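Quick notes on the structure that follows.
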Amino acid sequence: METETKLASSHFIRNIVVGDLKSGKVKEVITRFPPEPNGYLHIGHAKSICLNFELADEFNGKTNLRFDDTNPLKEDTEYVQSIQEDVRWLGFEWDNLFFASDYFEYMYERAELLIRKGKAYVCELTADQMRETRGTLTQPGKNSPYRDRSVEENLDLFTRMRKGEFKDGEKILRAKIDMNSPNMNLRDPALYRISHTTHHNTGDAWCIYPMYAYAHPLEDALEGVTHSICTLEFEDQRPLYEWIINECETEHEPKQYEFARLNLTNTVMSKRMLKQLVDEHIVDGWDDPRMPTISGLRRKGFTPESIRAFAKEIGVSKSNSTVDERLLEHFIREDLKLKAQRTMAVLKPLKVVITNYPEGQSEQLEAENNSENPEMGNRFIPFSREIYIEQDDFMEVPPSKYFRLFPGNEVRLKNAYFIKCNEFIKDAEGNVIELHCTYDPETKSGTGFTGRKVKGTIHWVDAKLALPAEFRLYEPLIMDAEKEEGDSFLEHINPNSLEIIEGFVEPTLKESEAQHKFQFFRHGYFNVDSKNSTDQRLVFNRIVSLKSSFDARS
RNA sequence: UGGGGAUUAGCCAAGCGGUAAGGCAACGGACUUUGACUCCGUCAUCUCAGGUUCGAAUCCUGAAUCCCCAGCCA
């Protein structure tokens, strides 16, 4: 069992860690999860969170939560709150909570060191000029005319940058590396820019802010991070990361490793796009159940366990990949299978009158809360002359292999009796609006009746005592299948991603608490919506449907 | 066309010179008071072409395809 677990989580970064520990290269594993507080966390972040926390945990190491807040223009405390909440909800506790902005003074001092070593200079090229002189993928760049300023002049200018003597964009601190490098990242990259912007953490203490490429390695070094794990697009920056570490003469020498970020079918996973969906009110906020955000998945009804199991199963590698959303669904079904109470809900009601059941009579029928988990006990549900069944469970003219109700056919009502359909009533438009059936008292559930068998079992609720409820059925927000080269993701938003319908649930669900999860027989797993559900009006989000091998077309 | 990566089944992914794990999906079948669950079964010679070797997904050579880099974003 133990071995199995370890095998399942074996991946190339873990192999590196094992090797480093064995060779003595590192004594302890220290990782970090370094989000920029500029949006909500999504399932892709969850992959990274699980990787960093579980890796350190396995080897008794440490993991820091560090906000990479070096760009005040985009960052906000709302996000630092939500990020902490989401990491904790996933089940992880950080050893330290840090902010990159806590290190600004150190970073500034290291920048001065670079200047003194002749490794950085203050450049006065405009952004446009910098772009023009950077060269292209196939052509080398040109040296900035400010590249060979004296150390004294650079130091003076940099000090004055900090003091606020210059406007945004007027000057910039650049590393002096190599304008001819085939690696664009090494063509004298920017280290510090001027931005007279209030920072969520440091207020107006600074008007110059370090760039990611400069700040990140120093943050890792300061925290003694041993394995700095990031995504593939930073591979090209590894030489710069190492240059910063070397030239800044840090005490610790963290190493950067890159893995492939997660993509899921039928969804978008970029903070920019997710933010757009929120800002343009295409969804109901960052926690809309259609969002792949942690908060969206939580509101939809996913559990931390299911997300962690998913993260483990998809593995960690360097190849770009898009995981089938059905794998995620598999894990929530798996997790809820034994945890969720199994109850009955009718989403699209069709009234059934049981003509031979005495008027005014009713009874309480006993039902298992989870037939696969007897510890969950039993409950009683009311039954009487009028019930609702699912519209889909009756057909006037059934196809072959239709096991449900049709004229003359008998089915079992889950936890109740066999009923046989005798008549159906239509409205003016020809829609079936009511069924007249008869029941057989001898077939009561639990009596062990074996007189005859029926092929189908359908669910139902008592018409008088059932609770009206709202059901929100979700479909993918984005349709991959329609995508073509160059399309905007907005063109592929599924107009039917949310369907709201009104139906009924068993009275036993009265006063269900927010976030409580149920299995509705033959429908799927549902979660009590945390924003809209009240005691007066229950609102359920469908987490995932049950699998079905029934094909209505045949 | 410069540099950095990747390529094992429909989708993920192990494998590290000794004869292709596992999961999801799919498809058969059994069972069934959920057309669910469960159970049983089916499902790859590893991008291609050469080479080395008794033996290659693993090593070498060459090619193809895909991804990333020209922010004062991260």
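Naming: A, B, ... by sequence-line order, numbering from 1 per chain. Note that this is a predicted model, so its numbers are computed, not measured.
Comparing C68(B) with A74(B), their C1' atoms sit 15 Å apart, to the nearest whole Å. A gap of 10 Å separates the C1' atoms of U45(B) and U8(B), to the nearest Å. C12(B) and C54(B) have their C1' atoms separated by 36 Å, with the value rounded to a whole Å. For the C1' atoms, the distance from C46(B) to A13(B) is 13 Å, rounded to whole Å. Spacing of C1' atoms, C72(B) relative to A49(B), comes out at 48 Å, to the nearest Å. For the P atoms, the distance from C11(B) to C67(B) is 16 Å, rounded to whole Å. For the P atoms, the distance linking U47(B) with A9(B) amounts to 7 Å, nearest Å. The gap from the C1' atom of A70(B) to that of C59(B) amounts to 37 Å, rounded to the nearest Å.
A close approach under 4.0 Å does not occur between any side-chain nitrogen or oxygen of Arg342(A) and OP1 or OP2 of A36(B). Residue Thr70(A) places at least one side-chain N or O under 4.0 Å from the OP1 or OP2 atom of A74(B). Contact between the side-chain N/O atoms of His459(A) and the OP1/OP2 oxygens of U34(B) is not found at any separation under 4.0 Å. OP1 or OP2 of C37(B) lies within a sub-4.0 Å distance of a side-chain N or O belonging to Lys547(A). Not one side-chain nitrogen or oxygen of Lys312(A) sits closer than 4.0 Å to the OP1 or OP2 atom of A13(B). Of the side-chain N and O atoms in Lys455(A), none sit less than 4.0 angstrom from OP1 or OP2 of U33(B). At U33(B), none of the side-chain N or O atoms of Ser445(A) fall inside 4.0 Å of OP1 or OP2 (strictly under the cut-off). A sub-4.0 Å separation between OP1 or OP2 of A36(B) and a side-chain N or O of Ser549(A) is present. The shortest distance between the side-chain N/O atoms of Arg134(A) and the OP1/OP2 oxygens of C72(B) is below 4.0 Å. For Arg14(A), no side-chain nitrogen or oxygen approaches OP1 or OP2 of A13(B) to under 4.0 Å.
As judged by a 4.0 angstrom heavy-atom cut-off over every strand, Met211(A) is placed among residues touching the sugar-phosphate backbone only. In this structure, Asn38(A) reaches neither bases nor backbone, as no heavy-atom distance under 4.0 Å exists between it and the strands shown. Base contact: Gln237(A) has a heavy atom under 4.0 Å from a base atom. Across all strands shown, Gly446(A) has heavy atoms under 4.0 Å from base atoms, whether or not it also approaches the sugar-phosphate. In this structure, Ser319(A) reaches the sugar-phosphate backbone alone: every heavy-atom distance under 4.0 Å involves primed, P, OP1 or OP2 atoms, never a base. Residue Glu258(A) is classed as having no contact, given no heavy-atom separation below 4.0 Å to the nucleic acid. Here Ile314(A) lies in heavy-atom contact (under 4.0 Å) with sugar-phosphate atoms only. The residue Arg404(A) sits close to a base: some heavy atom pair falls under 4.0 Å. Within 4.0 Å of Tyr192(A), counting heavy atoms only, lies no atom of the nucleic acid at all. Residue Arg522(A) is classed as a base contact, given a heavy-atom separation below 4.0 Å to a base. If you check every strand for non-hydrogen atoms under 4.0 Å, Leu125(A) touches a base. Among the protein residues, Asn71(A) comes within range of the sugar-phosphate backbone only, with heavy atoms under 4.0 Å from sugar or phosphate atoms but none that close to a base. Among the atoms of the strands shown, base atoms are found under 4.0 Å from some heavy atom of Tyr402(A). Across all strands shown, Val454(A) has no heavy atoms under 4.0 Å from either base or sugar-phosphate atoms.
Salt bridge absent: Glu223(A) and Arg32(A) never bring a charged side-chain N and a carboxylate O closer than 4.0 Å. Taking the charged nitrogens against the carboxylate oxygens, Glu410(A) and Lys455(A) have no contact shorter than 4.0 Å, which rules out a salt bridge. Contact check on Arg452(A) versus Asp440(A) returns a salt bridge, with a Lys/Arg side-chain nitrogen under 4.0 Å from an Asp/Glu carboxylate oxygen. Taking 4.0 Å as the cut-off between side-chain N and carboxylate O, Glu313(A) and Arg308(A) do not count as a salt-bridged pair.
Closest contact between the side chain of Leu327(A) and the listed nucleotides G23(B), A74(B), U38(B) involves G23(B). Picking from C72(B), U1(B), U34(B) the nucleotide with the shortest atom distance to the side chain of Ala127(A) gives C72(B). In the set C73(B), G23(B), G5(B), G5(B) carries the atom at the smallest distance from any side-chain atom of Glu235(A). Comparing C24(B), A6(B), A74(B) against the side chain of Lys318(A) picks out A6(B) as the nearest. Checking U33(B), G35(B), C11(B) against every side-chain atom of Asp324(A), the shortest atom distance belongs to C11(B). Of the candidates G2(B), C69(B), A74(B), C69(B) carries the atom nearest the Asp236(A) side chain, counting heavy atoms from C-beta on. With distances taken from any side-chain atom of Thr322(A) to the nucleotides C24(B), C69(B), C12(B), the minimum falls on C12(B). Among the nucleotides G3(B), A74(B), A26(B), the one closest to the side chain of Pro182(A) is G3(B). Proximity note for Ser317(A) (side chain, C-beta onward) versus C72(B), A13(B), G2(B): the nearest is A13(B).
G55(B) makes up no base pair with any nucleotide shown, lacking Watson-Crick or G-U wobble contacts both under 3.5 Å. Applying the Watson-Crick and G-U wobble criteria (two distances, each under 3.5 Å), G50(B) pairs with C60(B). Searching all strands for a Watson-Crick or G-U wobble partner of C39(B) with both distances below 3.5 Å returns G29(B). Summarising the base pairing, C24(B) is matched to G10(B) through a Watson-Crick or G-U wobble pair whose two defining distances lie under 3.5 Å.
Judged by distance alone, the side chains of Asp69(A) and His200(A) do bring a donor and an acceptor atom under 3.5 Å apart. With 3.5 Å as the limit, one finds no donor-acceptor pair spanning the side chains of Ser319(A) and Ser321(A).
Residue Glu372(A) places no side-chain atom within donor-acceptor reach of the base of U38(B), judged by atom type and a 3.5 Å distance cut-off alone. Remark: the Arg131(A) side chain and the G71(B) base include no donor-acceptor N/O pair separated by less than 3.5 Å.
The aromatic rings of Tyr241(A) and His216(A) sit tilted, their planes meeting at an angle between 30° and 60°.
In this pair, Phe403(A) lays its aromatic ring flat on the base of G35(B), centres within 5.5 Å and planes under 30 degrees apart.
For the pair Phe12(A) and Lys171(A), both in contact range of RNA chain B, the more 5′-proximal nearest nucleotide belongs to Phe12(A). Each of Ser321(A) and Gly135(A) lies near RNA chain B, and the nucleotide nearest Ser321(A) is the one positioned closer to the 5' end.
Aromatic pair Phe234(A)/Tyr212(A): ring centres closer than 6.0 Å.
Taking the centre and axis of the six-membered ring of Tyr214(A), the NZ or CZ atom of Arg110(A) falls outside the cone set by 45° and 6.0 Å. Tyr108(A) carries Arg162(A) over the face of its six-membered ring, with the cationic atom under 6.0 Å from the centre and within 45° of the normal.
Whole-Å rounding puts the His196(A) NE2 to C72(B) P distance at 18 Å.
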